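Since the structure comes first, as structure tokens, the remarks are kept for the end.
All heavy atoms count here, side chains included; hydrogens, waters and symmetry mates do not. So you know, we letter chains A, B, ... as the sequences are listed, proteins then strands, and number each from 1. What you see is a predicted model; the values in this text were computed from it and never measured.
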2 protein chains.
Amino acid sequence: MTRVKLIDVARAAGVHPGTASRALNSDPDGRVSAETTRRVVETAKRLGYVPNSFARGLRTARSFVIGMIVPDVTNPLFPPMVRGAEQVLSQAGYTLVLTDTDNDEASERAQIERLRSRGTDGFLIATALWEDPLVEELGEVGVPAVLINRNTAVHRLPYVGCDERTGIEVSVDHLVGLGHREIVHLAGPQDTSTGRERASAFRHSLRVHELPVDPDQVLICSSYTEQAGVEATTRLLASGRPFTAIVAGNDLIALGALETLAAAGRHAPDDVSVVGFNDLPLVDKLTPSLTTVALPLREMGALAARILLAEIEDSDHFGPVAQSLLGVSLAVRGTSGPAPGR
Amino acid sequence: MTRVKLIDVARAAGVHPGTASRALNSDPDGRVSAETTRRVVETAKRLGYVPNSFARGLRTARSFVIGMIVPDVTNPLFPPMVRGAEQVLSQAGYTLVLTDTDNDEASERAQIERLRSRGTDGFLIATALWEDPLVEELGEVGVPAVLINRNTAVHRLPYVGCDERTGIEVSVDHLVGLGHREIVHLAGPQDTSTGRERASAFRHSLRVHELPVDPDQVLICSSYTEQAGVEATTRLLASGRPFTAIVAGNDLIALGALETLAAAGRHAPDDVSVVGFNDLPLVDKLTPSLTTVALPLREMGALAARILLAEIEDSDHFGPVAQSLLGVSLAVRGTSGPAPGR
DNA sequence: ACGCGTTGCACAACCGATTGCGCTTACCCT
DNA sequence: AGGGTAAGCGCAATCGGTTGTGCAACGCGT
């Protein structure tokens with residue numbers, strides 16, 4: 001049951017293996033007659049020929065494999081991006097290899113090393129830190145790669161994200177429109193672009209509305225988790241700072257905040273308003289349902305994949321490094337309401 | 001920047017490439033002296049040698065790649081299984097390639113074809129149908145593969161799942177203990193093992209409690225989705241059959257049921273009790289929180305990976321095909337309560 | 001009819017690591 | 001001292017496609 005190989009096809013079609021190869025790959029300047037091509041293709045199909053990708057890869061140094069690196073597949077933020085990317089890639093004949101790093105830099109390095117030794121053609125990276133030596137290395141070695149969701153300080157690689165700033169701005173607009181004036185921000189980790197951007201956009205939005213901006217109005221969470229949201233909210237309550245609304249760094253932080261507030265006797269939306277970010281599955285079914293910023297995750301994945309493919313296909317395409325931002329939308333739901341006393 | 005290859009290492013160490021290969025692979029009967037081995041390994045590290053897996057794969061016909069096939073990565077049921085499998089595999093030096101099929105058989109076939117042409121060493125399959133020609137083919141060709149989460153009618157391949165029957169039984173026990181006697185089951189698709197097992201276990205449990213079992217007590221959902229849950233519940237309400245509790249085929253169906261019931265003015269847990277299956281993230285935060293059966297998803301993935309590796313490592317291991325069931329637990333929460341009128 | 005340019009295909013080197021085979025060297029035993 | 005043994009390593013074939021080069025045949029123009 002040894003697999004049928006190129007030489008079998010060639011023999012059956014009465015041509016040289018080299019010719020068969022050109023025929024099957026529709027070699028543009030290999031000059032194979034239409035008749036021969038037809039015959040080879042036909043016998044290949046008849047024999048059920050499947051090319052051996054090791055042999056091909058050895059010669060061409062191309063694998064048609066794309067590696068995607070995410071912090072954690074079980075975080076519902078990532079699967080839709082994976083899905084979008086995979087759809088584009090598999091249609092183009094590529095295979096997506098997914099690995100998660102558990103937010104561990106050593107593990108990330110090992111994964112990338114392994115993938116590179118497998119001849120991976122390019123990378124989709126969702127784990128970038130704001131200052132990330134690993135990613136910069138990749139950029140310098142010239143490995144095709146696209147950042148997704150998180151950017152780095154230096155824009156050496158193409159980036160696909162969403163319009164975080166606007167997301168925060170419409171959140172603040174929404175809250176101000178409801179009469180809130182004491183708004184705080186539970187920011188994500190500041191070693192990620194998302195954490196920094198959202199915090200920066202938050203401060204900017206307050207200024208636009210001519211509201212005062214105090215330093216203690218932005219509390220930094222150590223991670224994008226519910227637990228970190230609980231901690232930050234506990235700090236906020238302990239500080240005694242007055243507030244009627246919270247803009248959370250993401251949905252999980254928002255959940256932590258809601259929980260902590262409820263334990264302190266302050267309930268959304270009557271006593272306090274909370275807005276999240278990401279629109280995770282099921283947050284619309286909570287009671288009250290979570291007001292949050294919805295992201296086009298699948299489109300982000302698809303776009304990143306397309307950019308990566310373009311990067312790979314013409315490697316001499318030293319165009320400007322693209323920074324693409326996709327639009328977001330605010331899903332107004334139950335956790336946001338009029339400011340108390342209005 | 002051409003990569004350093006075996007011959008470079010060999011030259012630097014003053015040995016023949018063949019010898020270097022044996023030294024680096026600690027060839028058991030290749031008899032390389034300890035001293036030479038040490039020297040080769042040392043220079044390899046110094047030069048930063050990374051073996052080319054194409055060349056290796058071409059020669060050895062091994063890829064150290066495992067393919068995992070799931071219906072849909074964005075279904076939160078699967079990422080934990082992926083995670084568990086990936087952890088085991090990457091520790092053993094394997095890479096996991098994840099693909100989803102979108103529940104489409106043609107796409108599934110294409111994906112498997114592609115992976116096989118890449119020399120994939122084995123498969124983890126979470127998409128099996130109860131009668132699945134595709135899976136049976138794999139079994140016959142002798143490709144190492146392990147089924148996970150869903151089994152097939154014929155047990156030709158190893159299977160790792162969880163103890164569905166007990167999960168349903170404890171659910172029914174719980175409801176009966178609360179005084180419910182009119183219990184219905186919204187079953188999953190009957191072309192999957194999970195759908196069939198759970199329905200069968202449901203009927204069995206009723207008999208154990210000496211409750212009557214009517215055919216109209218089991219309604220079949222067309223898929224494991226919220227939408228299908230809505231439809232089935234609508235049918236149930238229309239049928240006029242009395243009931244005080246529902247055992248749902250999975251959490252999404254349960255959510256659809258809760259929603260439909262609420263729209264009809266029947267609220268959990270006072271008017272009706274609902275139990276789900278899977279314990280998806282956030283279902284514990286709903287109001288009321290969902291009583292459901294929790295599955296050891298990560299462990300399932302890890303175990304399946306271990307079995308697959310064993311299968312691959314000694315291919316002459318024609319032991320009995322393992323059918324492994326992991327234990328489950330009932331998370332009693334807010335949607336289940338005493339039967340009305342008790 | 002001759003020369004030149006094309007077209008169509010065969011030839012063989014090559015990608016880089018693995019591995020069966022066989023040669024050399026050192027050592028041991030009688 | 002000679003023959004035997006085995007350890008240690010080099011040699012070259014091999015995996016299966018891809019691709020630069022060369023050669024034959026054919027068509028066309030003058």
OP1 or OP2 of C:dC15 versus the side-chain N and O atoms of B:N52: is any pair under 4.0 Å? no
Would you say the side chain of B:R59 and the base of D:dT14 hold a donor-acceptor pair, judged only by whether the two atoms sit under 3.5 Å apart? yes
Among residues 39-49 of chain B, which contact DNA chain C at a heavy-atom distance under 4.0 Å? B:Y49
For a 4.5 angstrom cut-off between non-hydrogen side-chain atoms, does A:L297 reach A:R83? no
So, for A:L309 and A:A92, which heavy atoms are closest and what is the spacing to 0.1 Å? CD1-CB, 3.6 Å
Please tell me if A:T36 has a side-chain N or O lying less than 4.0 Å from either OP1 or OP2 of C:dC9. yes
Quiz question: by atom type and distance under 3.5 Å, do the side chains of A:Q111 and A:D100 form a donor-acceptor pair? no
Which of the following nucleotides, C:dC9, D:dG16, C:dA17, is nearest to the side chain of A:K5? D:dG16
With the side chain of A:H16 defined as its heavy atoms from C-beta on, choose the nearest nucleotide among C:dC11, D:dA12, C:dT18. C:dC11
For each nucleotide in nucleotides 21-27 of chain C, reading 5' to 3', give B when a protein heavy atom comes within less than 4.0 Å of its base, S when such contact involves only the sugar-phosphate, and - otherwise. -------
So, A:N103 versus A:E108: side-chain donor-acceptor pair below 3.5 Å or not? no
Just wondering, do B:L96 and A:T99 contact through their side chains at under 4.5 Å, heavy atoms? no
Calculate the interatomic distance between B:L58 atom CG and C:dC14 atom C1'; express it in whole Å. 12 Å
What's the shortest heavy-atom distance between A:E311 and A:P144, and which atoms? CG-CB, 4.1 Å
Find the distance A:R62:CZ to C:dG16:C1' and express it as a whole number of Å. 19 Å
Figure out the CZ/P separation between B:R38 and D:dC9, and round it to whole Å. 12 Å
Interatomic distance, B:R118 CZ vs D:dG17 C1' [rounded to whole Å]: 15 Å
I'd like to know if B:K45 pairs up with B:E42 as an ion pair, taking the criterion as any Lys NZ or Arg NE/NH1/NH2 lying under 4.0 Å from an Asp or Glu carboxylate oxygen. no
Could you give all pairs that pass the ring-ring contact (aromatic ring centres under 6.0 Å, His included) test and reach residues 95-138 of chain A, with sequence neighbours left out? none
Could you tell me if the side chain of A:I66 sits less than 4.5 Å from the side chain of A:T95, heavy atoms only? no
Contact under 4.0 Å: B:S33 side-chain N or O vs D:dC9 OP1/OP2: yes
Quick test: give all pairs of protein nitrogen or oxygen and nucleotides 5-7 of chain C nitrogen or oxygen below 3.5 Å, distance rounded to 0.1 Å.
none

I want to check one thing: is the phosphate of C:dT18, taken as OP1 and OP2, less than 4.0 Å away from some side-chain N or O of B:S21? yes
State, to the nearest 10°, the angle formed by the axis through the first five base pairs of the helix from C:dA1-D:dT30 to C:dT30-D:dA1 and the axis through its last five. 50°
With a 4.5 Å limit on heavy-atom distance, are the side chains of B:L138 and B:I112 in contact? yes
Side chain to side chain, B:V82 and B:L98, heavy atoms closer than 4.5 Å: yes
Spacing of A:R11 atom CZ and A:K5 atom NZ [to the nearest 0.5 Å]: 8.5 Å
Counterpart residues, ring pair (Phe, Tyr, Trp, His ring centres under 6.0 Å), relative to B:Y94 (two or more places apart): B:F64
A side-chain contact here means heavy atoms from C-beta on lying under 4.5 Å apart; do B:S63 and B:R118 qualify? no
Think B:T19 has a side-chain N or O under 4.0 angstrom from the OP1 or OP2 of D:dC9? no
